[in-house]
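A short write-up of the structure that comes next.
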Amino acid sequence: MSPLDIPRRLLERLGAADSVVVFTGAGMSAESGVPTFRGAEGIWSRFKPEELATMSAFLRNPQLVWDWYAHRRTIIATVQPNEGHRAVADLEHLVPRVAVITQNIDNLHRRAGSTVVHELHGNIERNYCVKCGAPHEMGSERASPEVPRCAMCGGLVRPDVVWFGELLPEEDWEAAVRAASGADVCISVGTSGVVYPAASIPAIARKAGALHADVNPEPGPLSEAADVFIKGLAGAVLPVLVQHLEKLRSRPDIAVPGEGR
Ligand code: BV8
Ligand code: ZN
């Protein structure tokens with residue numbers, strides 16, 4: 001990734017920004033080895049997320065849905081945050097207010113050091129009882145493949161993630177909308193922008209005056225709508241972006257390199 005690929009107008013806006021939101025999807029964790037949803041990934045590619053990530057699918061076949069999450073939990077337990085996650089965390093030292101708004105449930109942003117993370121679709125490390133709502137700590141049964149039962153009432157235990165047709169966690173959603181509405185720059189990274197209401201975050205930011213930059217190896221709905229599109233992988237683009245920003249912030253008098261757009 002050559003430094004010249006970062007459009008001037010993005011660097012200038014970031015250089016002067018008081019508040020930045022980074023909106024991320026599964027592509028953010030792809031270089032860590034976490035498969036994306038809509039890419040080919042082994043046995044699960046024959047299912048659509050919409051067929052597994054629903055309450056009705058879980059009630060119809062709890063074991064199948066639990067196995068899908070157990071499969072993903074196993075992968076997530078073995079991976080590390082990548083250069084992209086770390087660059088997002090480094091932004092916090094360069095911009096007064098940074099909020100990560102993620103659709104991912106893998107906890108990798110927090111593990112990379114980001115301190116303000118709004119998880120719109122929950123977190124795979126948390127589980128709860130579908131009957132009484134009691135949180136369920138994964139103890140010894142973590143090893144057993146069976147769907148765990150609630151210690152309080154014997155109800156089925158499910159992952160604390162947002163399935164299709166379910167409302168997003170109110171607090172996280174409201175905090176995310178507040179952050180997006182007050183941002184000077186919104187950087188969307190690694191998302192196909194097809195799942196709502198999460199995918200409306202960049203438009204909310206842009207409507208409130210933010211510059212929207214989309215980072216993705218492929219063009220898509222968000223790159224069409226964005227002010228700036230950077231075609232590339234999160235782990236390649238974000239560290240270069242942060243390096244430039246560091247230079248800019250330390251020497252605001254030097255000209256911003258690169259062709260402007
Ligand atoms: C809601 C959580 C209100 C668990 C997920 C009918 C009834 C009800 C609602 C609807 C309906 N019809 C439509 C809807 C709305 C629905 C929706 O949007 N459906 C879509 C499919 C059309 N939304 C909902 O249901 C939401 N709730 O609306 O509630 C309501 C309630 C009741 C009744 C009416 C309304 C809840 C949606 C949440 C679903 N849960 N997951 C889990 O993770 O298992 S969604 C799932 O998709 C993940 O969260 C994922 O993050 C999300 C989006 O996918 P992406 O992250 O973008 O990943 P994807 O693989 O698609 O793309 C990866 C991208 O990365 C690609 O662009 C690729 O090019 C790029 N990439 C690859 N490698 C890299 C890279 N980029 C950078 N670097 C790389 N290295
Ligand atoms: Zn219970």
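Order of listing sets the numbers, starting from 1, for every ligand and every atom in it. Quick caveat, the model's predicted, so the values are computed rather than measured.
At a heavy-atom cutoff of 4.0 Å, ligand 1 is contacted by both the backbone and the side chain of Ser192. Counting heavy atoms under 4.0 Å from ligand 1, residue Thr36 touches it through both backbone and side chain.
Below 3.5 Å of separation, one finds an N or O of Ala26 facing an N or O of ligand 1. At a 3.5 angstrom cut-off on N or O pairs, Gly165 counts as close to ligand 1. Ligand 1 has no nitrogen or oxygen under 3.5 angstrom from a nitrogen or oxygen of Gly25. Note: an N/O pair closer than 3.5 Å links Tyr196 and ligand 1 by distance alone. For ligand 1, the polar-atom distance check against Gly232 finds no nitrogen or oxygen pair separated by under 3.5 Å.
The option from Glu31, Arg72, Glu218, Glu166 that lies nearest to atom 80 (N) of ligand 1, judged by heavy atoms, is Glu31. For atom 41 (N) of ligand 1, the nearest non-hydrogen atom from the set Val162, Val237, Asn82 comes from Val162. Here the shortest heavy-atom distance to atom 68 (C) of ligand 1, taken over Leu238, Asn216, Val161, Ile230, belongs to Asn216. Evaluated by nearest non-hydrogen atom to atom 78 (N) of ligand 1, the leading choice among Pro159, Ala234, Gly84 is Ala234.
Within the sub-2.8 Å shell of the Zn ion (ligand 2), the protein contributes these N/O/S atoms: Cys129 SG, Cys132 SG, Cys150 SG, Cys153 SG.
Interface atoms of ligand 1 facing Thr191, defined by a heavy-atom separation under 4.0 Å, are 55 (P), 57 (O), 64 (C), 65 (O), 67 (O). Close approach to Tyr69 involves these atoms of ligand 1, each under 4.0 Å from a residue heavy atom: 4 (C), 42 (C), 44 (O). The Val194 neighbourhood of ligand 1 comprises atoms 18 (O), 20 (C), 22 (C), with distances under 4.0 Å to a heavy atom of that residue. Heavy-atom proximity to Leu233, at under 4.0 Å, picks out these atoms of ligand 1: 78 (N), 79 (C), 80 (N). Under a 4.0 Å criterion applied to the non-hydrogen atoms of Trp68, ligand 1 contributes the atoms 44 (O).
With respect to Arg60 and Glu51, no salt bridge is recorded, no charged nitrogen being found less than 4.0 Å from a carboxylate O. A salt bridge does not link Glu12 to Arg9: none of the charged side-chain nitrogens sits closer than 4.0 Å to a carboxylate oxygen. Ion pairing between Arg110 and Glu119 holds under the 4.0 Å rule for side-chain N and carboxylate O.
Screening residues 170-188 for salt bridge (charged side-chain N to carboxylate O under 4.0 Å, His left out) gives no qualifying pairs among residues at least two apart or on separate chains.
In this structure the side chain of Val88 never reaches within 4.5 angstrom of the side chain of Asp90, judged on heavy atoms.
Residues passing the ring pair (Phe, Tyr, Trp, His ring centres under 6.0 Å) test with His109, sequence neighbours excluded: His85.
At least one heavy atom of Val195 sits less than 4.0 Å from an atom of ligand 1. Residue Pro217 places a heavy atom less than 4.0 Å from ligand 1.
Ile75 is connected to Val65 through a chain of hydrophobic side-chain contacts under 4.5 Å among Ile, Leu, Val, Met, Phe, Trp and Tyr, so both are in one cluster.
Atoms CG and CD, on Leu94 and Glu246 in that order, are 5.0 Å from each other to the nearest 0.5 Å. Between atom CE of residue Met28 and atom OG1 of residue Thr102 there is a gap of 8.5 Å, rounded to the nearest 0.5 Å. Atom-to-atom distance recorded for Cys129:SG and Leu156:CG is 8.0 Å, nearest 0.5 angstrom. Taking CG from Leu241 and CG from Leu14, the interatomic distance works out to 5.5 Å, rounded to the nearest 0.5 Å.
Of the options Ile105, Val161, Val34, Asp67, a side-chain contact (heavy atoms from CB on, under 4.5 Å) to Arg72 is made by Ile105 and by none of the others.
Counting all heavy atoms, side chain and backbone alike, Ala87 lies closest to Pro239 at CB-N, 3.7 Å.
Through direct or relayed side-chain contacts under 4.5 Å between Ile, Leu, Val, Met, Phe, Trp and Tyr, Trp173 connects to Val21, Phe23, Ile101, Leu120, Val162, Leu168, Val177, Ile201, Ile204, Leu222.
Judged by the 6.0 Å distance and 45° axis criteria, Arg73 is not positioned over the aromatic ring of Trp68.
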